[in-house]
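Chain naming here is simple, since letters A, B, ... match the order of the sequence lines and numbering starts at 1 in each.
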2 protein chains.
Amino acid sequence: MKDLLHQIYGTLLEEALLNEIEQVAMLKEFKEGDVIIDFGDNIKKMPLLLSGAIKILREDFDEGELLLYFIEKGDTCSMSMACCIGDTKSEIRAVAETDGQVVMIPVMYMELWLGKYKSWRNYVFASYNNRLKEMLTAIDNLAFMNMDKRLINYLLEKAKINNTKEINITHQEIAYDLNTSRVVISRLLKALEKDGKIKLHRAYIEILK
Amino acid sequence: MKDLLHQIYGTLLEEALLNEIEQVAMLKEFKEGDVIIDFGDNIKKMPLLLSGAIKILREDFDEGELLLYFIEKGDTCSMSMACCIGDTKSEIRAVAETDGQVVMIPVMYMELWLGKYKSWRNYVFASYNNRLKEMLTAIDNLAFMNMDKRLINYLLEKAKINNTKEINITHQEIAYDLNTSRVVISRLLKALEKDGKIKLHRAYIEILK
DNA sequence: TATAGTCTGTAACACTTGTTACTGTAAAAG
DNA sequence: CTTTTACAGTAACAAGTGTTACAGACTATA
């Protein structure tokens, strides 16, 4: 843990803080598909992502679901912080997009360090700001774009996060993330294929160009 | 300014901090319709709202616009903070919903106080969290609701903010805030009137029940 | 009062998205 | 190898929203 922590957070956080983190934090490994935080969970620890990627979903009261954004190494989940500090239940679900590792920091240290370490304050604020920006991007997608454009953005982001042009995913899974139906996704994907932008296979999609 | 500041922030912020605010902050009055922050503005001061209400809008790259949420007394604009800290341009537009007053705090103090005053940290975080929650609400509206439900929510919120059941607004103005067209709004309002939920007049809407 | 401008109502139509149903094919399980 | 299940393609239709056009009513102003 120590090596990875220094490697990823060494430039962001000061030495003394990193040492404290090592002492109080718990390392946790996760596998693709694991539900790391669920809707309604009580959050008592704050996660710092060391490796892998996590996707953050919003759930409708009766059944719908929507992908908000992805988190990568060096990020934290501000939503969790929000819940920690406000002592409220989680408003989101966090699902592992790939295998990876997080360190979990008890919330009491998180608050203590805000007064103690300037680098911690900067990191936490920067993280909040990133999340706010990503929420704005999500809103832009929903408010100003049609499903075809949202789908393209989704595929590109997915490709970026997984660092490949071949995305292993079914039409149904995409439909869940975009809160629409499988038929709609199939229809639009077909149109994208006709445009020569992608190539469709069973349970995976190839991004061309 | 001193009285109002103590009255509204007295329970949130410690005495010493309130005194500092008085010394460095600038009082600014605004009138309904004033553009307080515009898209692309460079933010160098952080606003604390003393009275009145402000609406926060997101703009599409070519022309659309969308109401994100309202801010009331005791709140601050976290988006501005985000921009202050990140030293980036404003991602949103802030328009006065009613007449009111803000105090503007230079960003350097804002950062200084984060290390110095616990109550300031708590306030700033609570504010961030409120904004994140409101962004989630905005996303819920966009992702999971049809225009008729969004319109109802809009009218209710508008009524609450202005503390009246008689909302002075044209259909066109509503259409701008919800990023749709006037005809769509007129159509849905008519349906709501037939349901006995509202009564329509020229340039104002009465919420029944 | 006459005139221009603003606000609303409505119709007709196009486009996007959602829904249901059915088919064929590939993969997995037996 | 056979059966079952999962995945994808497609059609036909419904519903929601966006667009254009026009008319009538109200308001402000000259």
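Scanning both residues, B/Leu50 and B/Ile8, for their nearest heavy atoms gives O-CD1, 2.6 Å.
Rounding to whole angstrom units, CG of residue B/Asn168 and C1' of C/dT6 are separated by 15 Å. We find that OH of A/Tyr176 is positioned 13 Å from C1' of D/dC7, with the value rounded to whole Å. Atoms CG (B/Leu178) and C1' (D/dG18) sit 14 Å apart, rounded to a whole Å. Counting to the nearest Å, the C1' atom of D/dG16 and the CG atom of B/Asp148 are 9 Å from each other. The NZ atom of B/Lys190 sits 12 Å away from the C1' atom of C/dC7 (whole-angstrom rounding). Between the P atom of C/dT16 and the CE atom of A/Met145 lies a distance of 16 Å, rounded to the nearest Å. We find that CD of B/Glu193 is positioned 12 Å from P of C/dT8, with the value rounded to whole Å. When rounded to the nearest whole Å, the span between NZ of A/Lys149 and P of C/dT16 equals 15 Å.
For A/Arg202 and C/dA27, a side-chain-to-base donor-acceptor distance below 3.5 Å is absent, hydrogens and geometry of angles not being considered. Checked by distance alone, A/Arg182 brings a side-chain donor or acceptor within 3.5 Å of a matching partner on the base of D/dG9. The base of D/dT19 is paired with the side chain of B/Arg187 by a donor and an acceptor separated by under 3.5 Å.
In this model, the phosphate group of D/dA6 is not approached by any side-chain N or O of A/Thr170 to a distance below 4.0 Å at OP1 or OP2. One finds a side-chain N or O of B/Asn146 lying less than 4.0 angstrom from the OP1 or OP2 phosphate oxygen of D/dT17. The side chain of A/His171 contributes no N or O atom lying less than 4.0 Å from OP1 or OP2 of D/dC7.
The side chain of A/Val184 approaches C/dT19 more closely than any other nucleotide in the set C/dT19, D/dT19, D/dA8.
For A/Phe61 and B/Phe144, the gap between ring centers reaches or exceeds 6.0 Å.
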Please walk me through it: do A/Ile54 and A/Glu97 pass side chain to side chain contact (heavy atoms under 4.5 Å, CB included)?
CA-CA 5 Å; A/Ile54 295 174; A/Glu97 172 76 11; 5.9 Å; no
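Within the 4.0 angstrom heavy-atom criterion, base atoms lie near B/Ser181. At the heavy-atom level, B/Leu200 lies under 4.0 Å from the strands shown only through sugar-phosphate atoms.
One finds a salt bridge joining B/Glu91 and B/Arg58 here, because a Lys/Arg side-chain nitrogen approaches an Asp/Glu carboxylate oxygen to under 4.0 Å. Taking the charged nitrogens against the carboxylate oxygens, B/Glu157 and B/Lys160 have no contact shorter than 4.0 Å, which rules out a salt bridge.
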